[in-house]
Amino acid sequence: MSEWSVLNPRQMEAVTLPPGPALVLAGAGSGKTRVLTSRIAHLLEGGAHPGEILAVTFTNKAARAMRERLDGMVAMSLRALWMGTFHGIAHRLLRVQHAALGLPADFQVLDADDSQRLVRRIMREAQMDEKQWPPRAVAGRIGRWKDEGWGPERVQQYEGPAAAPFIPIYSAYEAAKKRSGLVDFGDLLLYALRLWESPEILDHYQRRFQHILVDEFQDTNTVQYAWLKGLARHGQIFVVGDDDQSIYAWRGARVENLLRFGEDFAGTRVVRLEQNYRSTAPILQAANAVIAHNSDRLGKTLWTAEPGGEAIQLYTAYNEVDEARYVVGRIQQWLGAGGRRSECAILYRSNAQSRAFEEALVREGMPYRVYGGLRFFERAEIKDTLAYLRLTANRHDDASFERVVNVPARGIGAVSAERLRNLARARGLSLWQAAGELNQPKINTFLDLVEDLAARTAEADLGERVETVLTHTGLREWHGREGDRAEGRLENLDELINAARNYAQDWSADPHLGDLAPQPGNMLSEFLTHAALEAGDGAGDAWEDGVQLMSLHSAKGLEFPLVFLVGLEEGLFPHQRSLEDPQGLAEERRLCYVGMTRAMRLLVVSHAESRRLHGSERMTLPSRFLREVPREILQELRPRARISRPAMPLRAPALETPFPLGSRLQHPVFGEGVVLDYAAGGRQGRIQVQFGSGSKWLALGVVALERLP
DNA sequence: AGTTCAGGGGTTGCT
DNA sequence: CCCCTGAACT
């Protein structure tokens with residue numbers, strides 16, 4: 001328990017709270033992981049059995065980190081302790097309780113890409129216009145409905161006629177999954193919640209999990225919270241979160257869950273962790289000042305006991321190339337002073353911004369790592385291989401069938417595939433069954449191949465199975481054929497064999513499996529689920545000391561000695577699409593707060609006066625967030641006197657136009673609109689306005705425009 | 001069947 | 001401008 005000595009009074013209070021509901025409002029860098037792990041250690045020390053504890057996180061990474069830390073704190077075996085993501089825990093419940101839910105024992109999990117493909121296929125069958133409704137967007141909508149716990153019927157009931165075209169798609173999507181024995185991410189949570197409808201099952205788990213702990217509580221969606229409320233009826237629930245770091249509303253997260261927690265659990269004790277151990281005082285002051293502009297906060301003010309610290313530095317760049325050049329120059333300075341590249345992070349609002357920085361870094365020959373992009377298990381060659389494995393486990397997995405029926409190419413084109421789908425639909429068969437009925441030579445080749453694979457690998461260990469699939473299907477050769485990416489694909493395939501071998505090896509030792517370790521016969525199935533639930537790290541080179549480039553969203557939870565928060569411009573950050581509604585703007589501001597609080601020693605913020613976006617050069621205005629930083633802690637690195645042409649003054653209270661960016665106005669012909677952009681400001685200038693009918697450039701002073709509140 | 005071309009669209013992304 | 005997608009082309 002050596003960690004206990006370093007707990008501050010508030011942390012200590014949280015860790016040692018008496019039994020009952022607890023809400024810990026943990027500011028950025030306030031030691032929330034330490035509090036969570038210490039709380040568990042405290043419970044164990046107080047006599048709780050590891051099997052009575054359930055600790056829930058959002059990411060596998062967070063779950064791993066917490067388990068590792070806990071392992072270092074307590075001597076006893078933690079096998080029986082359940083620690084994992086909402087989805088991982090739901091999955092384990094479903095494996096045990098599948099019968100009660102009418103799920104097949106060997107159900108498989110669709111990842112986001114699989115779901116999207118399935119939605120696309122269904123939309124095509126329904127002859128829906130993919131231009132008008134991109135399948136990706138439709139899959140997203142369905143996902144949001146599932147986050148709320150709405151099935152197709154409830155969508156019909158709750159949503160207006162605008163949702164009507166999607167309801168049949170949603171229903172067909174659900175039916176297709178059911179037919180193939182598949183569940184998507186939303187289903188994992190929904191089925192887990194449905195388990196609580198059985199009083200016996202609920203009672204069993206309520207008795208078992210005497211202590212529930214939840215990390216990042218502000219990120220829970222409606223279904224996750226309902227599940228927690230059901231399970232924690234005894235009130236032994238300890239949640240940690242930060243309403244100021246709620247940046248995932250667009251993904252279904254409901255910060256209201258945190259705001260209402262105290263009402264749902266009578267007698268909730270609230271502890272605020274406001275002492276920050278990460279950043280200097282000026283950084284915290286800046287972050288506090290920005291977030292103070294949001295309303296509806298539970299309210300926290302971060303502080304540090306450490307004296308000193310450098311002011312926030314602001315660089316005003318000419319354009320995005322200059323911005324990147326400057327940032328790389330500053331990194332070189334940092335390195336010259338003995339710093340490491342990996343201590344430097346460049347954080348941006350949207351991934352497209354990485355390009356200018358990558359170009360500048362390449363020019364200087366400076367290694368870097370870009371986060372985001374395809375993860376290991378999401379790569380095409382990996383998913384192809386897994387699809388064959390899935391078919392050997394379940395022939396009726398239509399999603400997998402469709403994926404690889406013609407990979408490698410074996411002359412089964414769009415026409416044959418269409419015929420198969422039609423037959424399957426007409427007769428209510430799986431694609432596999434339909435293929436059998438069709439009895440065509442080329443298709444039979446594929447069926448024989450899968451049967452052969454299944455027979456050959458029935459007794460093989462996991463690594464061998466993968467190996468056999470790769471050689472026997474010709475996938476290795478296929479992905480290794482010439483092309484500039486072949487080498488990388490082959491490396492990935494080898495890595496997959498490795499991953500399978502390791503998975504098999506760790507099988508018995510995996511502490512995450514706890515007391516629910518499945519039967520050896522299920523190893524393949526579990527491995528496939530593992531691949532869906534844990535997409536794996538991004539591409540390699542992780543070991544190299546490189547500058548870190550990532551979006552603000554990906555930076556949440558991380559910290560860096562030197563942070564560059566770039567592109568602070570109206571329309572970029574805050575993003576254009578959030579300017580119109582206050583909720584969206586508030587979330588952008590929280591994102592800014594998250595970004596600033598990543599910095600430990602030095603925070604450099606920047607904006608460009610002109611930026612090339614979507615092909616055209618645009619003049620930009622400094623982000624309102626910059627104006628929210630107190631002037632006395634902001635050091636402007638390029639005096640405005642040196643600015644080559646008149647720029648919008650950073651701190652000018654009023655623009656020269658009566659219609660600032662984002663303001664609403666009324667046009668006599670086009671109606672209501674929102675100001676998007678300017679050209680050559682002032683009263684003689686033009687403004688771009690988004691109307692319901694589209695966006696238009698208007699010359700000021702031609703027609704009477706009325707500003708709306 | 002694989003490659004090339006035109007068109008559209010462009011925020012964030014965990015499980 | 002750059003990337004992805006789908007259709008047309010060889």
Side-chain angles (χ1 to χ4, degrees), chain A residues 56-63 84-91 109-116 120 124 130-132 134-137 139-140 143-144 146-147 183-190 192 215-216 219-221 223-224 246-253 320 347-356 359 371-375 377-378 406-416 478 481-483 529-536 538 550-557 567 571-579 584 587-588 590-592 594-595 611-618:
Chain A
V56 197
T57 63
F58 273 85
T59 65
N60 292 300
K61 196 174 157 195
T85 64
F86 276 101
H87 292 83
I89 285 161
H91 167 250
V109 182
L110 293 177
D111 68 17
D113 179 62
D114 299 328
S115 301
Q116 207 175 295
R120 176 180 289 127
R124 282 184 188 164
E130 288 178 48
K131 287 273 147 60
Q132 194 183 358
R136 186 187 137 78
R144 292 297 80 70
K146 299 181 89 146
D147 290 337
V183 301
D184 64 19
F185 287 137
D187 289 330
L188 288 171
L189 304 174
L190 285 164
D215 190 19
E216 303 277 18
D219 288 339
T220 50
N221 67 30
V223 172
Q224 286 161 336
S246 163
I247 55 172
Y248 286 115
W250 53 275
R251 204 164 79 177
E320 75 281 357
L347 308 183
Y348 36 75
R349 177 64 178 82
S350 75
N351 289 311
Q353 287 170 259
S354 74
R355 172 174 293 270
E359 282 170 4
Y371 288 74
L374 278 194
R375 318 253 296 282
F377 285 111
E378 294 167 347
N406 197 36
V407 179
R410 51 175 73 87
I412 303 173
V415 180
S416 314
W478 172 255
R481 71 201 191 284
E482 76 288 353
T529 304
H530 167 80
L533 288 184
E534 180 150 16
M550 69 192 78
S551 69
L552 285 158
H553 284 89
S554 335
K556 190 174 166 215
L572 186 62
F573 189 31
H575 195 270
Q576 194 70 56
R577 296 173 74 149
S578 57
L579 289 179
E587 183 148 312
E588 295 284 304
R590 292 191 291 268
L591 195 53
C592 184
V594 166
R611 180 176 296 274
R612 193 172 196 101
L613 201 62
H614 305 330
S616 56
E617 199 94 7
R618 301 176 113 206

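Naming convention: chains lettered A, B, ... in sequence-line order (proteins, then strands); numbering from 1 in each chain. Because only heavy atoms are used, hydrogens play no part in the values below, and waters and symmetry mates are left out as well, while side chains stay in.
For the pair A/Asp187/A/Val109, no side-chain contact is recorded, criterion being any heavy-atom separation below 4.5 Å from C-beta on. Residues A/Val407 and A/Trp478 have side chains in contact (heavy-atom distance under 4.5 Å, counting atoms from C-beta outward). Contact check for A/Leu591 versus A/His553: side-chain heavy atoms found under the 4.5 Å cut-off.
A donor-acceptor contact shorter than 3.5 Å is absent between the side chain of A/Glu588 and the backbone of A/Ser578.
Residue A/Arg124 is in sugar-phosphate contact alone, with no base atom involved, counting any heavy-atom pair closer than 4.0 Å across all strands shown. Residue A/Ala532 is out of contact with every strand shown, counting any heavy-atom pair closer than 4.0 Å. At a threshold of 4.0 angstrom between heavy atoms, the contacts of A/Glu130 are confined to the sugar-phosphate backbone, with no base atom among them. Looking at heavy-atom distances under 4.0 Å, A/Gly411 makes contact with sugar-phosphate atoms alone, never a base. Across all strands, A/Phe185 comes closer than 4.0 Å to base atoms (heavy-atom distances). Nucleic acid contact for A/Arg612: sugar-phosphate only, since backbone atoms but no base atoms lie under 4.0 Å from a heavy atom of the residue.
If you find the closest nucleotide of DNA chain B to A/Glu378 and to A/Glu587, the one lying nearer the 5' end belongs to A/Glu587.
Distance NE2 (A/His91) to P (B/dC14): 20 Å, rounded to an integer number of Å. Between the P atom of B/dG2 and the CG atom of A/Asn406 lies a distance of 8 Å, rounded to the nearest Å. Rounded to whole Å, atom P of B/dC14 lies 7 Å from atom CZ of A/Arg251. In this structure, the CZ atom of A/Arg618 is 14 Å from the C1' atom of C/dC1, given to the nearest Å. Distance, A/Arg120 CZ to C/dC4 P: 13 Å, rounded to whole Å. What separates CG of A/Leu591 from C1' of B/dG13 is a distance of 12 Å, to the nearest Å. A/Leu552 has its CG atom 9 Å from the P atom of B/dG13, to the nearest Å. Here the C1' atom of nucleotide B/dG13 and the CG atom of A/Asp219 are 12 Å apart, to the nearest Å.
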request  = Any chance you could lay out the ring-ring contact (aromatic ring centres under 6.0 Å, His included) test for A/His87 and A/Phe58, step after step, and finish with the verdict?
outcome  = CA-CA 8 Å; A/His87 292 83; A/Phe58 273 85; 8.2 Å; no
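For A/Arg375, no side-chain nitrogen or oxygen approaches OP1 or OP2 of B/dG13 to under 4.0 Å. Considering only side-chain N and O atoms, A/Ser554 lies nowhere under 4.0 angstrom from the phosphate OP1 or OP2 of B/dT12. Between B/dT15 and A/Asn60, a contact under 4.0 Å exists linking OP1 or OP2 to a side-chain N or O.
Counting non-hydrogen atoms of other residues, nucleotides and ligands closer than 6.0 Å to CZ of A/Arg136 gives a total of 12 or fewer.
Here, C/dT5 and B/dT12 have their C1' atoms 22 Å apart, quoted to the whole Å.
By the 5.5 Å and 30° criteria, A/Tyr248 is not stacked with the base of B/dT12.
For A/Glu617 and A/Arg611, the salt-bridge test fails: no basic side-chain N is under 4.0 Å from an acidic carboxylate O.
Of the candidate nucleotides B/dT15, B/dA1, B/dG13, B/dG13 has the atom nearest to the side chain of A/Trp250.
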Which protein N or O atoms sit under 3.5 Å from an N or O of nucleotides 9-11 of chain B?
residue: B/dG10; atom: N3; partner: A/His614; partner atom: ND1; Å: 3.3
residue: B/dT11; atom: OP1; partner: A/Arg577; partner atom: NH1; Å: 2.4
residue: B/dT11; atom: O4'; partner: A/His575; partner atom: NE2; Å: 3.1
residue: B/dT11; atom: O2; partner: A/Arg349; partner atom: NH1; Å: 2.7
residue: B/dT11; atom: O2; partner: A/Arg349; partner atom: NH2; Å: 2.2

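To the nearest 0.5 Å, atoms NZ (A/Lys146) and OG (A/Ser115) are separated by 7.5 Å.
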